[in-house]
Every structure is written in C-alpha cells, then in structure tokens.
Asks: 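What follows is a structure written as structure tokens; I'll ask about it next.
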Amino acid sequence: MNKKRVLVQVLAAIVLYVIISLILEKEYSNDIIMREVLEGLVFGALYGAFIWFREKWKNKE
C-alpha cells in the first residue's frame, strides 16, 4: 500500500471522526470544535499506525 493511499484513508478518518463527534455533541462553540479536531488528529495518528502495522504484518506472511 503506498503512502498516498494511507494518507487519504487517515485524512478521511479524521474528517469523519470530527463530523460525527460534532453531530453527537450538538454544540458548536469554538472550544468544542478545537477539542474535537485535536481528538480527531490523535485518532488519525492511531488509525494510521494501525494501518501501517497491519500492512507490514500482512506482507510478512
């Protein structure tokens, strides 16, 4: 899996996380938005690491 494809998947995951979190939060103040974006970045980093490890593990077999 190339880097561009992983990056697109991670960015899509971040955007979806932020949008869904804001919809569930039902509050749209600047502080809430910034908190959700930061949480989305953390989620994206963890998801990117998961994808990378999964591909690395799959290529060993």
Side-chain angles (χ1 to χ4, degrees):
M1 182 178 269
N2 60 11
K3 292 179 184 179
K4 185 177 180 181
R5 186 170 175 169
V6 171
L7 183 63
V8 168
Q9 286 183 352
V10 169
L11 289 176
I14 292 170
V15 169
L16 286 173
Y17 180 89
V18 170
I19 290 172
I20 291 170
S21 294
L22 287 174
I23 290 171
L24 292 175
E25 190 74 35
K26 295 183 182 178
E27 191 173 328
Y28 306 108
S29 69
N30 196 23
D31 293 333
I32 300 292
I33 293 171
M34 291 304 293
R35 186 188 75 206
E36 296 301 333
V37 168
L38 289 175
E39 288 177 3
L41 290 173
V42 170
F43 173 75
L46 293 174
Y47 183 64
F50 169 74
I51 292 173
W52 183 73
F53 281 122
R54 184 185 67 191
E55 289 300 317
K56 192 170 185 168
W57 183 264
K58 186 169 42 170
N59 289 339
K60 281 186 177 182
E61 293 178 352

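Just so you know, these numbers come straight off a predicted model, no measurement behind them.
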Asks: Measuring from L46:CG to I51:CD1, what's the distance to the nearest 0.5 Å?
Replies: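 These two atoms lie 11.5 Å from each other.
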Asks: Does R5 pair with E55 as a salt bridge, N-O distance under 4.0 Å?
Replies: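 No, R5 and E55 are not salt-bridged.
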Asks: Picking from I19, L41, L22, L24, what satisfies side-chain contact (heavy atoms from CB on, under 4.5 Å) with E36?
Replies: L22
Asks: Can you find a heavy atom in the side chain of E39 that is under 4.5 Å from one in the side chain of M34?
Replies: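 They are not in side-chain contact.
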Asks: Could you tell me whether Y28 atom OH has more than 12 heavy atoms of other residues or ligands within 6.0 Å of it?
Replies: yes
Asks: Under the side-chain contact (heavy atoms from CB on, under 4.5 Å) rule, what do V6 and W52 come out as? Steps first, then yes or no, please.
Replies: CA-CA 8 Å; V6 171; W52 183 73; 6.0 Å; no
Asks: Where is the tightest heavy-atom contact between A13 and Y47, given as atom of each residue plus distance?
Replies: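 Taking A13 first and Y47 second, the nearest heavy atoms are CB-CD2, 3.8 Å.
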Asks: Only one of I14, V15, V18 passes side-chain contact (heavy atoms from CB on, under 4.5 Å) with V37; say which it is.
Replies: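 Answer after filtering I14, V15, V18: V18.
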Asks: Considering non-hydrogen atoms only, spot the tightest contact between E27 and I32 and give its length.
Replies: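 Minimum heavy-atom separation between E27 and I32: O-CG2, 3.5 Å.
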